[in-house]
Amino acid sequence: MTGFIHQLKKAELHVHLEGSVDPETLRELDPALDEQKLKELYAYSDFLGFLRSYKWINLRLTRPQHFALITRRLLERLERENVLYTELNLSVGVWLWRELEFEPYFEAIAAEAERSPVCVRFIFDAVRQFGLEAGWEVARLAAANQSRRVVGFGVGGDEARGPIKELQPVFDWAKAQGLHLAPHAGEVVGPQSVWDALECGAERIGHGIRSIEDPVLVRHLADHEIALEVCISSNVCTGAVTSLKDHPVRRLFDAGVPVTLNTDDPPMFGTTLEREYQLASDEFGFGEAELRVLAANGFKFAFDPAVRKMDR
Ligand code: ADE
Ligand code: ZN
């Protein structure tokens with residue numbers, strides 16, 4: 001299956017740039033980091049532990065060149081995995097909270113995207129628990145940079161601490177500006193969180209795995225062709241599912257929900273996109289024809305309209 005998975009033309013719709021930093025690169029950025037600290041940093045038993053490490057890594061990215069380096073490394077990895085198209089989540093909500101100056105940081109990332117053979121688009125993520133005003137700032141930047149490959153607006157962070165409905169006016173405005181909407185929802189909070197995201201206009205759902213707890217929602221996602229950005233290893237590592245075998249990816253797929261496979265924060269969850277496909281095959285019995293469907297969905301549900309026709 002390895003050769004088959006490799007040769008599949010793939011798209012990745014849910015990967016965080018700031019979560020793509022591997023321990024070796026982190027040590028390049030901060031040579032003072034010792035083995036023990038690195039080990040602790042990449043190990044967590046729950047979602048909040050993961051978010052703490054994610055924040056810690058974000059804080060190590062202090063210069064535009066750091067963002068250039070991690071973008072280059074991520075895109076090189078995606079290219080090696082035969083990923084033709086990606087939508088990179090940028091935690092712009094975290095940048096603003098850190099008072100980083102947007103332009104030099106985004107320019108460093110955009111310049112690397114320009115150089116890569118991988119077709120790159122960006123989704124700017126606000127942070128749920130940072131509230132409405134902070135959300136507005138992220139959406140304004142996303143809208144203002146649509147000519148520089150920004151196609152979407154989303155929201156990440158602590159799902160339990162920031163009800164998405166609070167951001168409804170921001171989502172409405174972002175949509176009216178021509179942005180697509182792909183918030184995280186139903187990752188660690190139940191189906192109501194996905195319903196709320198849909199009411200905010202979500203076109204795809206980041207994770208959305210807890211939709212499985214509500215048969216009406218499952219039917220709604222299938223009938224309305226709302227894709228889930230499923231990240232199996234992420235869900236195991238953050239404790240969003242109790243164990244790998246309990247992951248609902250197979251049940252969602254069989255119920256007709258459009259599923260895409262993604263990595264979320266690949267080195268933080270010890271994974272790659274090819275490994276996620278391998279897991280689907282080894283652990284959930286996805287055969288070649290089904291893996292082809294998963295790969296095609298990555299193109300079919302892309303936000304760039306030209307890419308929707310680019311698969312295979
Ligand atoms: N930011 C990076 N990864 C995330 C995740 N899995 N959930 C919410 N916010 C995130
Ligand atoms: Zn994510």
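Order of appearance sets the numbers: ligands from 1, and atoms from 1 within every ligand.
- The set of protein atoms (N, O or S) found at less than 2.8 Å from the Zn ion (ligand 2) reads His14 NE2, His16 NE2, His184 NE2, Asp264 OD1, by chain and number.
- Between Gly19 and ligand 1 there is no heavy-atom distance shorter than 4.0 Å.
- Of the protein's non-hydrogen atoms, Asp264 OD2, 2.6 Å is the one closest to atom 6 (N) of ligand 1.
- At a threshold of 4.0 Å, the pair Glu283-Lys245 does not count as salt-bridged, since none of the basic side-chain nitrogens sits closer than that to a carboxylate oxygen.
- Within 6.0 Å of the CZ atom in Arg63, the count of heavy atoms belonging to other residues, nucleotides or ligands does not exceed 12.
- Comment: Arg308 does not engage Asp304 in a salt bridge, judged by the lack of any side-chain N to carboxylate O separation of less than 4.0 angstrom.
- Ring-centre distance between Tyr277 and Phe4: not below the 6.0 Å cut-off.
- Nearest protein heavy-atom neighbour of atom 1 (N) of ligand 1: His16 CE1, 3.5 Å.
- By the 4.0 Å N-to-carboxylate-O rule, Arg128 lies too far from Glu166 to be salt-bridged with it.
- Those atoms of ligand 1 that come under 4.0 Å of a heavy atom in Phe47, given as number and element, are 7 (N), 8 (C).
- Closest non-hydrogen pair, Ala185 versus Ala197, comes out as CB-CB, 3.8 Å.
- For Phe102 and Phe124, the gap between ring centers is short of 6.0 Å.
- For atom 3 (N) of ligand 1, the nearest protein heavy atom (residue, atom name, distance) is Asp265 OD2, 2.9 Å.
- Short contacts between ligand 1 and His207, defined as distances under 4.0 Å to a heavy atom of the residue, involve ligand atoms 6 (N).
- Checked against Glu112 for a salt bridge (charged side-chain N to carboxylate O under 4.0 Å, His left out), the options Arg149, Arg73, Arg72 give a single hit: Arg72.
- Salt bridge status for Glu12 with Arg121: absent, with no side-chain N to carboxylate O gap under 4.0 Å.
- Ligand 1 has no atom lying under 4.0 Å from any heavy atom of Glu159.
- Using a cut-off of 4.0 Å between Lys/Arg side-chain N and Asp/Glu carboxylate O, Arg250 and Glu290 are scored as salt-bridged.
- The protein heavy-atom contact nearest to atom 9 (N) of ligand 1 is Gly157 N, 3.0 Å.
- Of all protein heavy atoms, the one lying nearest to atom 7 (N) of ligand 1 is Glu187 OE1, 2.8 Å.
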